[in-house]
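Along the sequence shown, residues carry numbers from 1.
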Amino acid sequence: MSLKQRLESDAVVFTSWSGVPDALTVEIMAAQGFDAITLDMQHGGHNEDSVLRCLAPVLSAGKAAIVRVPVGRFDMASRALDFGAEAVIAPMINSVADARAFAAAMKYPPLGGRSWGPTYAFPRHGQGDHQQWLRTSNERTLSFAMIETREALDALDGILATPGIDAIFLGPGDFSIAWTEGRQVDSTLEAIMETVASVAKRARAAGKHAGIYVTDPAIAGRFVDMGYRLLATGSEHQLIAQGAAGLLSSLKQSVGSR
């Protein structure tokens, strides 16, 4: 099933979050049990070349391929799709104008203004012909507008109503910074949870999908209850640290006082 099909079936989709711009590392990540891999260009180390190269092992592993582009890099949204990504997450979509610009880069005419040229995407997915690819691309690809600020929250209904915007992705870290006026960053801040829940509710009421970054696995179920279905977590740093801690703990427990 494609990422879109999974979300439309109301399944919970887990994506790991890659910030290391190395295809071999991404290949290892894609071999794990996650449903999808997200290559992060905003705060992670991924760049155009690494996205081009790192999407290949993700697709080869049969995982959904997602790219988060840098702020305002809507040109990179089109390139990510041309490289083979199924979905693009665009940060700091704070207005309807931002949403329209993002959607225009994600969708072919008449819905948007995306230029034709699936140089790598078409052979990597290897299905149908160019005419079929053109006809189905707008439906098959997913645009996630990130909601991270008070401005975005104020414009949410307009963003959701923008043709070509398929989903929202809530960034709870930045959202907590905005909510506390820069005094605190806390993705699990209780004071923001009611609003976080309302964002998902409004998205789903508009027929759009909702995703969120999860820093604490213990509250993942709470986010699902709110309506979020794409749950992002597990960067290379986090997975290596937790894996190393678990392995060392088992080793030390076995060795004991010898």
Side-chain angles (χ1 to χ4, degrees), residues 3-4 7 13 15-23 26 29-30 36-59 63-108 111-121 124 137-138 140-149 151-152 155 159-160 162-175 208-213 230 232-233 235-236:
L3 177 60
K4 182 178 181 181
L7 293 174
V13 177
T15 179
S16 65
W17 202 262
S18 170
V20 177
D22 176 74
V26 172
M29 297 276 283
I37 305 293
T38 299
L39 307 179
D40 183 19
M41 298 181 71
Q42 184 192 9
H43 297 304
H46 281 285
N47 51 63
E48 291 188 34
D49 182 70
S50 72
V51 168
L52 173 61
R53 297 178 188 281
C54 291
L55 284 173
V58 177
L59 297 174
K63 303 299 177 69
I66 306 170
V67 175
R68 179 166 75 168
V69 298
V71 176
R73 283 293 309 276
F74 302 132
D75 63 309
M76 187 61 219
S78 297
R79 287 179 65 75
L81 296 180
D82 287 341
F83 292 166
E86 288 184 55
V88 174
I89 300 171
M92 292 293 173
I93 301 298
N94 291 329
S95 66
V96 172
D98 290 342
R100 288 174 177 165
F102 176 39
M106 288 289 294
K107 305 297 181 180
Y108 289 118
L111 188 55
R114 180 184 170 193
S115 176
W116 174 258
T119 308
Y120 291 91
R124 283 177 169 179
S137 285
N138 284 353
R140 187 179 58 255
T141 55
L142 291 171
S143 54
F144 282 84
M146 286 199 74
I147 305 301
E148 309 175 82
T149 65
E151 292 83 0
I159 291 170
L160 291 170
T162 300
I165 296 299
D166 303 302
I168 59 91
F169 189 94
L170 194 134
D174 278 305
F175 205 72
K208 305 299 174 75
H209 304 296
I212 193 167
Y213 197 93
L230 178 68
T233 190
S235 67
E236 294 96 339

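- Not a single salt bridge (Lys or Arg N to Asp or Glu O under 4.0 Å) links R124 to another residue, sequence neighbours left out.
- If you take CG on D49 and SG on C54, they are separated by 8.5 Å, rounding to the nearest 0.5 Å.
- In this view, S16 satisfies the side-chain hydrogen bond (donor to acceptor under 3.5 Å, both in side chains) rule with no residue, not counting sequence neighbours.
- The two atoms that bring S115 and Y108 nearest to each other are O-CE2, 3.5 Å, heavy atoms only.
- With hydrogens and angles disregarded, a donor-acceptor distance shorter than 3.5 Å links the side chain of K208 to the backbone of I165.
- A donor-acceptor contact shorter than 3.5 Å is absent between the side chain of E148 and the backbone of D174.
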Decide yes or no on side chain to side chain contact (heavy atoms under 4.5 Å, CB included) for F144 and I66, but give the supporting numbers first.
-> CA-CA 10 Å; F144 282 84; I66 306 170; 5.6 Å; no

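- Of all the heavy atoms in A90 and V69, the pair that sits closest is CA-CG2, 4.1 Å.
- In terms of the side-chain hydrogen bond (donor to acceptor under 3.5 Å, both in side chains) criterion, residue partners of E236 (sequence neighbours excluded) are, by chain and number, S18.
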Verify side chain to side chain contact (heavy atoms under 4.5 Å, CB included) between T141 and E86, making sure each step is shown before the conclusion.
-> CA-CA 5 Å; T141 55; E86 288 184 55; over 6 Å; no

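- Checking side-chain atoms of T15 against main-chain N and O of T38 turns up a donor-acceptor pair under 3.5 Å.
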Determine, step by step, whether L170 and M146 satisfy the side chain to side chain contact (heavy atoms under 4.5 Å, CB included) criterion, reporting the C-alpha distance in whole Å, the side-chain angles of both residues, the deciding distance to 0.1 Å, and the verdict.
-> CA-CA 6 Å; L170 194 134; M146 286 199 74; over 6 Å; no

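- Looking only at side-chain heavy atoms (C-beta outward), L3 and L142 come within less than 4.5 Å of each other.
- Take Y120 and apply the ring pair (Phe, Tyr, Trp, His ring centres under 6.0 Å) test, not counting sequence neighbours, and it matches no residue.
- Every ring pair (Phe, Tyr, Trp, His ring centres under 6.0 Å) that F175 has, sequence neighbours left out, goes to W179.
- The distance from the CZ atom of F74 to the CD1 atom of I93 is 4.0 Å, given to the nearest 0.5 Å.
- Applying the salt bridge (Lys or Arg N to Asp or Glu O under 4.0 Å) criterion to K4, with sequence neighbours excluded, gives E8, E139.
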Decide side chain to side chain contact (heavy atoms under 4.5 Å, CB included) for V51 and M41; before the verdict, give the C-alpha distance in whole Å, the side-chain angles of both, and the deciding distance to 0.1 Å.
-> CA-CA 8 Å; V51 168; M41 298 181 71; 3.7 Å; yes

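- Enclosure of atom CZ in R53 is not indicated, since only 12 or fewer non-hydrogen atoms of other residues, nucleotides or ligands lie within 6.0 angstrom.
- Listed for the K107 side chain is no donor-acceptor partner under 3.5 Å among the backbone atoms of S137.
- In this structure the side chain of L55 reaches within 4.5 angstrom of the side chain of V67, judged on heavy atoms.
- Between I147 atom CD1 and I212 atom CD1 the span is 11.5 Å, to the nearest 0.5 Å.
- S50 pairs by the side-chain hydrogen bond (donor to acceptor under 3.5 Å, both in side chains) definition with H46, not counting sequence neighbours.
- Checked against ring pair (Phe, Tyr, Trp, His ring centres under 6.0 Å), F83 has no partners two or more places apart in sequence or in another chain.
- Atoms CD1 and CZ, on I159 and R100 in that order, are 11.0 Å from each other to the nearest 0.5 Å.
- F169 contributes atom CZ, which lies 6.0 Å from atom CG of L230 (distance to the nearest 0.5 angstrom).
- The two residues A80 and V88 have their closest heavy-atom pair at CB-CG2, 4.0 Å.
- Nearest approach of A105 to A77, heavy atoms of both residues: CB-CB, 4.5 Å.
- The nearest pair of heavy atoms linking P57 to A23 is CG-O, 3.8 Å.
- Under the rule for a side-chain hydrogen bond (donor to acceptor under 3.5 Å, both in side chains), N138 has no partner lying at least two apart in sequence or in another chain.
- The shortest non-hydrogen separation linking A64 to V58 is O-CG1, 3.7 Å.
- Take D98 and apply the salt bridge (Lys or Arg N to Asp or Glu O under 4.0 Å) test, not counting sequence neighbours, and it matches no residue.
- For residues 39-48, the set of pairs meeting the salt bridge (charged side-chain N to carboxylate O under 4.0 Å, His left out) definition, not counting sequence neighbours, comprises D40-R68, E48-R73, E48-R79.
- Every residue two or more places apart in sequence or in another chain that forms a salt bridge (Lys or Arg N to Asp or Glu O under 4.0 Å) with D82 is listed here: R114.
- Here the CE-CD distance, from M76 to Q42, works out to 13.5 Å after rounding to the nearest 0.5 Å.
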